[in-house]
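Below: the structure, in structure tokens.
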Amino acid sequence: MARRLLAHRFLPLACLVAACGLAPGCGDTRAEVDGEVPETDAGTMLPPDVDGGTPPPEDGGSMERDASTMPTGPRVDPTCIDGMYTESLPAPDADISDLVAGYDPGDPTAFIEAVLSRRYGTGLELVVEGDSSRDCVDTFLRETGTAQDVIEQLPTVVHECGHFYDNALSDFGSNTYAINDTPLQISCAMGDSTDRGGQTFARSRIRDDAYAELRPPCDGTFGSGCDFYADIYLDGDPDDGTFDGGDQGFNMLFEEVVQYVNSIATAYAFTGELDTGGSTSQRDGILTFLWYLTRYLRMARLDYPSAYTHLLEGDGGCWRDLILTVWGRAWLYLDTTMGMGHLGIADAELMTLVTDPDLLAEIQRLRDAASCP
């Protein structure tokens, strides 16, 4: 696999740059630290996602794959990088009752680290390292009155601490993504837009592709059937000379893919505590960004050939292998949380968009470029 793995125990991190340092005038191509899409309480349980599932093996061999550590569903190739991804799932049944009973509102960080240490090791790594770089817990934890209040915010806290950690690991020429706590980190170069010193294009350009009208931006209305993530992440006009988050390139789009996997992984780790009668958008977030990912690849292939070549072959194929790695990790958690209605709102609709055959073909092109069997 042509990727650079940084397999070492993590040292204390230097202070993270302030959020203003992410503006184009500062030249920063590292992980963005932006506002998290708020969880939405729909008030009622929605029908579970009916798509997917693990098909019967055709050759009798795939049933030996461990669904607790490897993606086994139909959206990955068991003979390629995505299907060979391995990660032990969180432990949602690990007892935390003593930690809940002993919760101290004056020290929520200690509680967060303690419950993550029992349920989700990667989340613990992200919080510890992200917090050491710039107090991510204090920045994003809002309600601290009860243990339940804190647990309900953990998917957001882990997600945002992941941004801080990746930012601290990265530099101005490359991005490093902390994938899991084995530890697996992958670093790839020149992933930002050409206007910002990289070799890709602004992520907001996919708002104008052939798929955007299938789930158009909400434009502040937050109505049913629209894409409120686009309002936040695909904003602005990359040609107007004014910086918006959507002006950032593939590296920042992919940073969100990585962290939305961490959001759903954290939600799974605390699925029992989060199943309180409503629904949150944990599955929606990662499905939306997988949809953006494949749409970006399609646009790159059709309209930005130099960017596409960089994503397929640049830096020794690093971006290609990174995409396939995280694609596999995403489906590990999407398959695991299938049917958990409290972790999705519009996930059934989004699943249909993500599994469009033409968009899935973009992932197959990456497998082909990686010379998978």
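Since we're looking at a predicted model, the values are computed, not measured.
Side-chain atoms of E113 do not come within 3.5 Å of backbone N or O of A110 as any donor-acceptor pair. For D356 (side chain) and L359 (main-chain N/O), a donor-acceptor pair under 3.5 Å exists by modelled atom type. Looking at T122, its side chain does come within 3.5 Å of a backbone N or O of D181 through a donor-acceptor pair. Between the side chain of T200 and the main chain of G191, a donor-acceptor pair closer than 3.5 Å is present. A side-chain donor-acceptor contact under 3.5 Å links H342 to the backbone of T271. With D247 contributing its side chain and A202 its backbone, the two residues share no donor-acceptor pair below 3.5 Å. A donor-acceptor pair is defined here as one N or O able to donate and one able to accept, closer than 3.5 Å; such a pair exists between the side chain of R119 and the backbone of A269. With hydrogens and angles disregarded, a donor-acceptor distance shorter than 3.5 Å links the side chain of S279 to the backbone of G341.
Under the side chain to side chain contact (heavy atoms under 4.5 Å, CB included) rule, C161 has a single partner from L124, V128, V127, which is V127. R207 pairs in a salt bridge (charged side-chain N to carboxylate O under 4.0 Å, His left out) with only one of the listed residues (D219, D244, D235, D227), which is D219.
Between D195 and S193, the side chains place no donor N or O within less than 3.5 Å of an acceptor N or O (distance only, hydrogens not considered). Between the side chains of D171 and S174, a donor-acceptor pair is found at a separation under 3.5 Å. The closest side-chain donor-acceptor pair between D149 and Q153, if any, does not fall under 3.5 angstrom. Looking only at atom types and distance, the side chain of Q282 has no donor-acceptor partner in the side chain of Y333 under 3.5 Å away.
Taking a 6.0 Å sphere around CD of Q364, one finds it holds more than 12 heavy atoms contributed by other residues, nucleotides or ligands.
Tracing side-chain contacts under 4.5 Å through hydrophobic residues (I, L, V, M, F, W, Y), one reaches L126 starting from I179; they form part of the same cluster.
Residues meeting the salt bridge (charged side-chain N to carboxylate O under 4.0 Å, His left out) test with E362, sequence neighbours left out: R301, R365.
Under the 4.0 Å criterion applied to side-chain N and carboxylate O atoms, R367 and D82 are assigned as salt-bridge partners. Ionic pairing of D239 and R205 is present here: one or more N-O contacts between side-chain nitrogen and carboxylate oxygen are shorter than 4.0 angstrom.
Here the two rings, on F250 and Y304, have centers that are 6.0 Å apart or farther. Separation of the Y233 and F289 ring centroids falls under the 6.0 Å cut-off.
Within the structure, the ring pair (Phe, Tyr, Trp, His ring centres under 6.0 Å) test picks out the following pairs touching residues 106-139 (sequence neighbours left out): Y103-F111.
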